[in-house]
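Have a look at the structure below before the remarks.
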Amino acid sequence: MSDTSTSDISTRELLLSRIRDVADYPKPGVVFKDITPLLADPKAFTALTDALADLCVRFGATKIVGLEARGFILAAPVAVRAGVGFIPVRKAGKLPGATLSQSYDLEYGSAEIEIHAEDLDQGDRVLVIDDVLATGGTAEASLELVRRAGAEVVGVAVLMELGFLGGRERLLPALDGAPLEALITL
């Protein structure tokens, strides 16, 4: 968190205490950060929702974009709490009707995400929410989609940033001055 007040530190500690490390998942040598214990704890999930909703209000967002799949779980209650709309960004082929799509490179190969362009308007100010910032590819592609739909990106917020994977550095040019907030950085 950028502000280190006592409540921010206690929120960070609460959230961190509810994230479980799972060794060798999904493959040997990887330590997976499992957020399901956090989601199962109503106090921790509420603290997370409140912290992200505060960012939404602070940035003046009018819509929230949630990235598939865990980003949906975090972003939807934030949108309700902040009183703004929720727009899902999905893997290619999962949304009916007309969509905008964006391809991006992964460590080995590529992927594609989509959004319903008609759900965003020219005056919309969008906060992108996801659970983890790892290498930054999905977040970078989502920023491009939001802008191609005609909306303004006011920020990106994640529960946790895996700093050792370099996602922030990759994402900085695409942010174009918009803030990137990570509640926890590992």
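Only heavy atoms go into these numbers, but all of them, side chains included; no hydrogens, no water, no symmetry mates.
At distances below 3.5 Å, at least one donor-acceptor pair connects side-chain atoms of Arg148 with backbone N or O atoms of Ser101. Looking at Ser103, its side chain never comes within 3.5 Å of a backbone N or O of Glu112 through a donor-acceptor pair. A donor-acceptor pair under 3.5 Å links the side-chain atoms of Asp34 to the main chain of Thr36, judged by distance alone. Between the side chain of Lys63 and the main chain of Asp121, no donor-acceptor pair closer than 3.5 Å is present. Of the possible donor and acceptor atoms, one in the side chain of His116 sits under 3.5 Å from a partner among the backbone N and O of Pro96. In this structure a side-chain-to-backbone donor-acceptor pair under 3.5 Å is missing from Gln102 to Ser142.
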List the steps, then state whether side-chain contact (heavy atoms from CB on, under 4.5 Å) holds for Leu16 with Leu186.
-> CA-CA 10 Å; Leu16 196 53; Leu186 303 172; 4.0 Å; yes
Criterion side-chain contact (heavy atoms from CB on, under 4.5 Å) on Asp21 and Lys33, from CA distance to verdict | CA-CA 5 Å; Asp21 286 347; Lys33 300 295 186 184; 2.6 Å; yes
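Interatomic distance, CG of Leu165 versus CZ of Arg170, reported as 11.5 Å (0.5 Å rounding). One finds the CZ atom of Arg70 at 8.0 Å from the CD1 atom of Ile73 (value rounded to the nearest 0.5 Å). Here the straight-line distance linking atom CG of Leu38 with atom CZ of Arg20 works out to 11.5 Å at 0.5 Å rounding. Separating the CG atom in Asp131 from the CZ atom in Phe72 is a distance of 11.5 Å, to the nearest 0.5 Å. The structure places CD of Glu144 at 9.5 Å from CG of Leu100, a figure rounded to the nearest 0.5 Å. For the atom pair CG (Leu15) and CD1 (Ile35), the distance works out to 10.5 Å, reported to the nearest 0.5 Å.
Closest approach of Val154 to Ala61, counting heavy atoms only: CG2-CB, 4.0 Å. Contact record, Leu14 with Ala47: CD2-CB, 4.0 Å, taken as the closest heavy-atom pair. Across every non-hydrogen atom of Glu114 and Lys94, the tightest pair is OE1-N, 4.1 Å. Minimum heavy-atom separation, Val84 to Cys56: CG2-SG, 4.0 Å.
Applying the salt bridge (charged side-chain N to carboxylate O under 4.0 Å, His left out) criterion to Asp41, with sequence neighbours excluded, gives Arg18. Thr49 is linked by a side chain to side chain donor-acceptor pair (under 3.5 Å) to nothing, counting only residues two or more places apart in sequence or in another chain. Applying the side chain to side chain donor-acceptor pair (under 3.5 Å) test to Glu118 and every residue at least two apart in sequence or in another chain returns nothing. Listed by chain and number, the residues in a salt bridge (charged side-chain N to carboxylate O under 4.0 Å, His left out) with Asp24 amount to none (sequence neighbours excluded). Scanning for side chain to side chain donor-acceptor pair (under 3.5 Å) contacts around Ser17 gives an empty result, with sequence neighbours left out. In terms of the salt bridge (charged side-chain N to carboxylate O under 4.0 Å, His left out) criterion, Asp54 has no residue partners (sequence neighbours excluded). Evaluation of the side chain to side chain donor-acceptor pair (under 3.5 Å) rule for Asp130 yields no partner, not counting sequence neighbours. With sequence neighbours excluded, the residues forming a salt bridge (charged side-chain N to carboxylate O under 4.0 Å, His left out) with Glu68 are Arg90, listed by chain and number.
Linking Ile, Leu, Val, Met, Phe, Trp and Tyr residues whenever their side-chain heavy atoms come within less than 4.5 Å places Val89 and Leu175 in a single cluster. Both Val146 and Tyr104 sit in one connected hydrophobic cluster of ILVMFWY residues. Membership requires side-chain heavy atoms under 4.5 Å apart, directly or through other members. Residue Ile113 is not grouped with residue Leu95 when hydrophobic side chains (ILVMFWY) are merged at heavy-atom distances under 4.5 angstrom, including chains of intermediate members.
For residues 160-169, the salt bridge (Lys or Arg N to Asp or Glu O under 4.0 Å) pairs, not counting sequence neighbours, are Glu161-Arg168. Screening residues 158-186 for ring-ring contact (aromatic ring centres under 6.0 Å, His included), with sequence neighbours left out, gives no hits.
Looking at heavy atoms from C-beta onward, Phe59 lies in side-chain contact with Glu181 at the 4.5 angstrom threshold. Contact of the Ile129 side chain with the Phe86 side chain is not registered, since no non-hydrogen atoms from C-beta on lie closer than 4.5 Å. Annotation: side chain of Ile184 is in contact with side chain of Ile19 (closest heavy-atom distance under 4.5 Å). Here the side chains of Ile87 and Val126 are not in contact, with every heavy-atom distance at 4.5 Å or above. Contact annotation: the side chain of Arg147 approaches that of Asp176 to within less than 4.5 Å [non-hydrogen atoms, C-beta and beyond]. Considering only heavy atoms from C-beta on, Leu183 comes within 4.5 Å of Leu52 through its side chain. Here the side chains of Thr185 and Met160 are not in contact, with every heavy-atom distance at 4.5 Å or above.
Partner of Leu133 under the side chain to side chain contact (heavy atoms under 4.5 Å, CB included) criterion, out of Leu159, Leu162, Leu171: Leu171 alone.
Taking Ile, Leu, Val, Met, Phe, Trp and Tyr as hydrophobic and joining them when side-chain heavy atoms fall under 4.5 Å apart, one finds Val57 isolated, its cluster having no other members. In the hydrophobic clustering, where aliphatic and aromatic side chains (Ile, Leu, Val, Met, Phe, Trp, Tyr) are joined below 4.5 Å either directly or transitively, Tyr25 groups with Val22, Phe32.
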